[in-house]
Amino acid sequence: MFKRILIANRGEIALRILRACRELGIETVAVFSEADRNAHYLRLADEAYCIGPPRAADSYLKIDRVISAAEIGNVQAIHPGYGFLSENPHFAEVCRSCNIGFIGPSPEAMASLGDKNRARQLAREADVPVVPGSDGLIEQEREALHVAQEIGYPVLVKASAGGGGKGMRVARDDDSLKASLQQARVEAEAAFGNPSVYLEKYVERPRHVEVQIVADHHGNVVHLWERDCSTQRRHQKLIEESPAPNLSDETRNAICQAAVRMAQTADYSNAGTVEFIVDSEENFYFIEVNARIQVEHPVTEMVTGIDLIKTQIQIATGEPLPFRQKDIQPSGASIECRINAEDPRAGFRPSPGKIGRFIVAGGLGIRFDSHAHSDYVVSPYYDSMIGKLIVYQSSREEAIRTMSRALREMEIDGVKTTIPLQLEIVEHTSFTTGRLDTTFVERTWSI
Ligand code: MV4
């Protein structure tokens, strides 16, 4: 087991990792930017080093500064959390060359899965369903027109270096396809330094179902069942839950087994999520792999009883998984509402500022993962999420009732939050009946 770990992140996930380390008896080194100097969670770390000014590009994204803090802090490994450097293969490579453990997949697996076209090829090799589309990258316009002819409109032009919705464009006829190709390439080159694009049939109003995977360095790959993340707005997840509502056990099992095959074929290790879209006939299609721990990992922890952060650390020390697939018997239902400091009445514009009263819900079945507190200053430099309200009950209906009660109990003054919208969503009949798809929120609230 590691003696000391550096947490290369901030906010609620840094606190989450600090807590797991404390329970494992591992010392912790935290890093912070000038903007986070007074954050309370830093006091829970054994040491904390300032790595730069507020901008992420000058602090949390600076590989040399994170590595320097790791050297000064004399750590054996780094946990990257999510976002920032967590899916940067170069960072994972630098850790390896500095003989510092990286708590995540290998640089090679991260790189191949970060190339969405390459990931699609791996999915085919793993006998995992992919959306009908091009057999590789699109080089010439006429290739795209030919593929579109074959699969039928509408089609999606996707950037190979994209992901999470970035670099995607829908085309509904030949003319818009020509334009979309051009625009997607320019955007992808500008955003990712890689103009490569591929084509997929556009699946209208899909559900987003993703499968949690954990894999050790001894060939063991276990799935921890699925999460439904369809309740989102413009690729920003709002609510995640497990199990996925209105999904047959047959499809559930097939999706989870496909995710295991995908991880095996990609030679994946540590925690990762295989993301699918599901159409109205429950056909499911591989979309991409998120090679990191995700924001929504707690809903899986609640229904399986597995501490995913501790599992990540155990895997990184070279230990075999402490469980087999047969040991994972999910029970109950868990729902997570992301609480963002954003103003729903102003286009969800970030609402930074100093928090006044901070009253958090409690009681049986409630977990609140947050680094925020009274007098905490929500920074404009980072993601606007200030906490995650997670509920766990024996049924989805009871979990929804508990979530509704909890959201009504929350009192956060000083900043606007998404709590009112979350309450409307969980009390809406489309949500309570589980009639979800990725367009539900934007369609129902025209936002
Ligand atoms: C799709 C799709 C429909 N058809 N691919 C969005 C980003 C990335 N997670 C993949 N995404 C999608 N890919 C095809 N061929 C619809 C989406 C999509 C989506 C997927 C998952 C979660 C939320 C989404 C929101 C909008 C679109």
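Both counts, for ligands and for their atoms, begin at 1 and track the order of listing.
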Taking only residues two or more places apart in sequence, or in another chain, which ones meet [X] in a salt bridge (charged side-chain N to carboxylate O under 4.0 Å, His left out)?
X      : result
Arg292 : Glu87
Arg205 : none
Asp174 : none

I'd like the atom pairs linking ligand 1 to the protein - N or O on both sides, separation under 3.5 Å - with distances to 0.1 Å.
unit_1: ligand 1; atom_1: 4 (N); unit_2: Val203; atom_2: N; d: 2.9
unit_1: ligand 1; atom_1: 5 (N); unit_2: Lys158; atom_2: NZ; d: 3.0
unit_1: ligand 1; atom_1: 5 (N); unit_2: Glu200; atom_2: OE1; d: 3.4
unit_1: ligand 1; atom_1: 9 (N); unit_2: Glu275; atom_2: OE2; d: 2.3
unit_1: ligand 1; atom_1: 13 (N); unit_2: Lys158; atom_2: NZ; d: 3.1
unit_1: ligand 1; atom_1: 15 (N); unit_2: Glu200; atom_2: OE1; d: 2.9
unit_1: ligand 1; atom_1: 15 (N); unit_2: Lys201; atom_2: O; d: 2.8

Under 3.5 Å side-chain donor-acceptor pair for Tyr82 and Asp383 |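 There is no such pair (donor and acceptor under 3.5 Å, judged by atom type) between the side chains of Tyr82 and Asp383.
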Assess whether side-chain contact (heavy atoms from CB on, under 4.5 Å) is satisfied between Ser351 and Glu342, documenting all intermediate values.
-> CA-CA 5 Å; Ser351 168; Glu342 293 169 355; 5.6 Å; no
Start with the C-alpha gap between Leu423 and Ser404, add the side-chain angles, then the distance that decides, and say whether side-chain contact (heavy atoms from CB on, under 4.5 Å) holds.
-> CA-CA 6 Å; Leu423 190 55; Ser404 171; 3.8 Å; yes
